[in-house]
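Here is the structure we will look at.
In listed order, ligands and their atoms are each counted from 1. Note that the coordinates shown come from a computational prediction; the quantities given were computed from them, not determined experimentally.
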Amino acid sequence: MSSSGLIFFSLILTWLVNLTIAQNRPEPLYHLCSNTLGNYTANSTYSTNLKQLVSNLSSLEQNDYGFYNISTGQNNDIVNAIALCRGDVRPDACDSCIQNAANQLTGQCPNQKDAFVFYDNCMFRYSNLSMFGIKKSSAVFYMWNRENVTQQDGFNQVLRNLLDNLRNRAASGGSLRKYATANASAPGFKIIFALVQCTPDLSGDDCNNCLIDTISRIPQCCDGKAGGRVIAPSCNFRYEIYRFYDPAAGLESAVPPTPTLSPTVTPPQPPSNARGICFCF
Ligand SMILES: *[C@@H]1O[C@H](CO)[C@@H](O)[C@H](O)[C@H]1NC(C)=O
Ligand SMILES: *[C@@H]1O[C@H](CO)[C@@H](O)[C@H](O)[C@H]1NC(C)=O
Ligand SMILES: *[C@@H]1O[C@H](CO)[C@@H](O)[C@H](O)[C@H]1NC(C)=O
Ligand SMILES: *[C@@H]1O[C@H](CO)[C@@H](O)[C@H](O)[C@H]1NC(C)=O
Ligand SMILES: *[C@@H]1O[C@H](CO)[C@@H](O)[C@H](O)[C@H]1NC(C)=O
Ligand SMILES: *[C@@H]1O[C@H](CO)[C@@H](O)[C@H](O)[C@H]1NC(C)=O
Ligand SMILES: *[C@@H]1O[C@H](CO)[C@@H](O)[C@H](O)[C@H]1NC(C)=O
């Protein structure tokens with residue numbers, strides 16, 4: 001083989017290896033290290049408890065609703081954690097998403113007592129404060145699809161109707177799962193696919209209010225955009241004009257239609273770099 005052929009071959013190999021690593025260890029969409037609760041030092045009890053909690057995730061008892069509330073240690077050194085998978089993620093994938101999330105987050109936040117990370121498939125938070133049942137809709141993160149919609153007023157009306165409907169369904173979802181997805185026809189032969197989710201430890205009212213808070217950020221996040229997400233620690237939503245969730249999870253629901261023409265095709269998924277990002281607090 002010529003030397004340029006060899007270089008080409010090794011470039012391809014590097015690319016394949018990187019691709020494999022990327023698939024096994026997905027990068028977070030967003031992470032936040034907060035030291036408002038103080039820092040911990042290496043070898044402190046808090047540090048030991050956190051390590052214990054993370055290593056114990058490998059023996060997590062799986063459930064099919066994908067929500068975990070875990071604590072390790074006591075008193076001032078207690079570490080509380082909450083893990084949640086997207087409602088359509090299967091238990092094995094959920095488990096590996098959470099383990100990867102916890103490992104990466106403790107690396108990225110080496111001494112903060114309070115941290116949060118979000119992936120496509122799961123989120124993970126820890127803190128020395130109790131978080132269970134407490135709504136947190138601040139520390140928000142936005143993403144949007146760069147593609148613009150035409151007929152924006154009609155699109156917004158359908159989107160608003162769809163999200164309000166899903167918000168109500170998720171809020172009434174019970175203590176194990178607060179998740180809902182649906183699609184709706186929008187002007188210009190588009191279909192809007194949307195997903196909303198709260199951590200299920202929230203009360204129905206808190207879930208509802210958390211989603212109201214995040215949905216109210218659409219004008220800043222993704223006004224006139226063909227896709228968007230607003231991610232808060234206690235709840236998040238996403239919409240796109242292509243399907244991005246698994247409807248086979250059996251939770252897709254019919255939404256009363258906003259009157260429009262009936263579309264026929266789903267456009268292909270745009271490249272994942274076609275998005276903007278904002279860390280908005
Ligand atoms: C915590 O550590 C960070 C650096 O990691 C430092 O900037 C910050 O001032 C520390 N905060 C407190 C309260 O000690
Ligand atoms: C933490 O403990 C390890 C092993 O006992 C030791 O090597 C390291 O120096 C300690 N680090 C600090 C910051 O005390
Ligand atoms: C979740 O964790 C908190 C704090 O440790 C505890 O009070 C609560 O009972 C736990 N809830 C469930 C459902 O495990
Ligand atoms: C970690 O997991 C082990 C084995 O499942 C269990 O015995 C232990 O109590 C757990 N520790 C903590 C701190 O949760
Ligand atoms: C959390 O840590 C802070 C500072 O490190 C401490 O003041 C506070 O009491 C701790 N909170 C709990 C609930 O342990
Ligand atoms: C969408 O509209 C904005 C503002 O009008 C413009 O800057 C941007 O280039 C448009 N994006 C695409 C993909 O056409
Ligand atoms: C939209 O959701 C309905 C369920 O309400 C489902 O039957 C239909 O296949 C979905 N449409 C698309 C294009 O996925």
Under 4.0 Å to a heavy atom of N75 - the qualifying atoms of ligand 5, by number: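 Near N75, the atoms of ligand 5 are 14 (O).
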For L37, atoms of ligand 5 separated by under 4.0 Å from a heavy atom: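 Heavy-atom distances to L37 below 4.0 Å select 2 (O), 3 (C), 4 (C), 5 (O).
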Measuring to protein heavy atoms, does anything land under 4.0 Å from [atom]?
| atom | answer |
| --- | --- |
| atom 11 (N) of ligand 6 | yes |
| atom 14 (O) of ligand 6 | yes |
| atom 5 (O) of ligand 6 | no |

Using distance alone, determine whether [X] and ligand 5 share an N or O pair under 3.5 Å.
| X | answer |
| --- | --- |
| N128 | yes |
| K113 | yes |
| G38 | no |

Pair [X], [Y]: side-chain N/O donor-acceptor within cut-off below 3.5 Å:
| X | Y | result |
| --- | --- | --- |
| Y142 | R217 | yes |
| N148 | K225 | yes |
| Q62 | D92 | yes |

Distance-only N or O hit between ligand 6 and N148, under 3.5 Å: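 Yes, N148 has an N/O under 3.5 Å of an N/O on ligand 6.
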Steps toward disulfide bond (SG atoms under 2.5 Å apart) verdict (C122, C85): CA-CA 4 Å; C122 71; C85 288; 5.1 Å; no
Sub-4.0 Å atoms of ligand 6 with respect to non-hydrogen atoms of R146: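 Taking each heavy atom of R146 in turn, ligand 6 has 11 (N), 12 (C), 13 (C) under 4.0 Å.
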Per-atom contacts, ligand 6 versus K225 - under 4.0 Å to a heavy atom: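 Answer for ligand 6: 1 (C).
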Ionic contact status for R90 with D246, cut-off 4.0 Å: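 Looking at D246 and R90, the cut-off is met.
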Where ligand 7 meets [X] - atom numbers and elements under 4.0 angstrom, heavy-atom basis:
| X | answer |
| --- | --- |
| N183 | 1 (C), 2 (O), 3 (C), 8 (C), 10 (C), 11 (N), 12 (C), 14 (O) |
| I191 | 13 (C) |
| R243 | 12 (C), 14 (O) |

Cys pair C207, C198: SG separation below 2.5 Å: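 Looking at C198 and C207, their sulfur gamma atoms lie closer than 2.5 Å, so the answer is yes.
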Whether F244 and Y242 hold their rings parallel, tilted or perpendicular, with breakpoints at 30° and 60°: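 Ring orientation of F244 relative to Y242: perpendicular.
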For atom 9 (O) of ligand 5, closest protein heavy-atom neighbour: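 Checking every protein heavy atom, the shortest distance to atom 9 (O) of ligand 5 gives N76 OD1, 3.5 Å.
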L37 backbone acceptor or donor facing D114 side chain under 3.5 Å: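 Not a single qualifying donor-acceptor pair exists.
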N63 side chain vs Y65 backbone, donor-acceptor pair below 3.5 Å: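 Yes, the answer is positive, given that a donor and an acceptor are paired below the 3.5 Å cut-off.
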Cationic tip of K113 above Y46 ring, under 6.0 Å, 45° of axis: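 K113 over Y46 ring: yes.
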Residue portion contacting ligand 5 (non-hydrogen atoms closer than 4.0 Å) for I78: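 Contact part for I78 vs ligand 5: neither.
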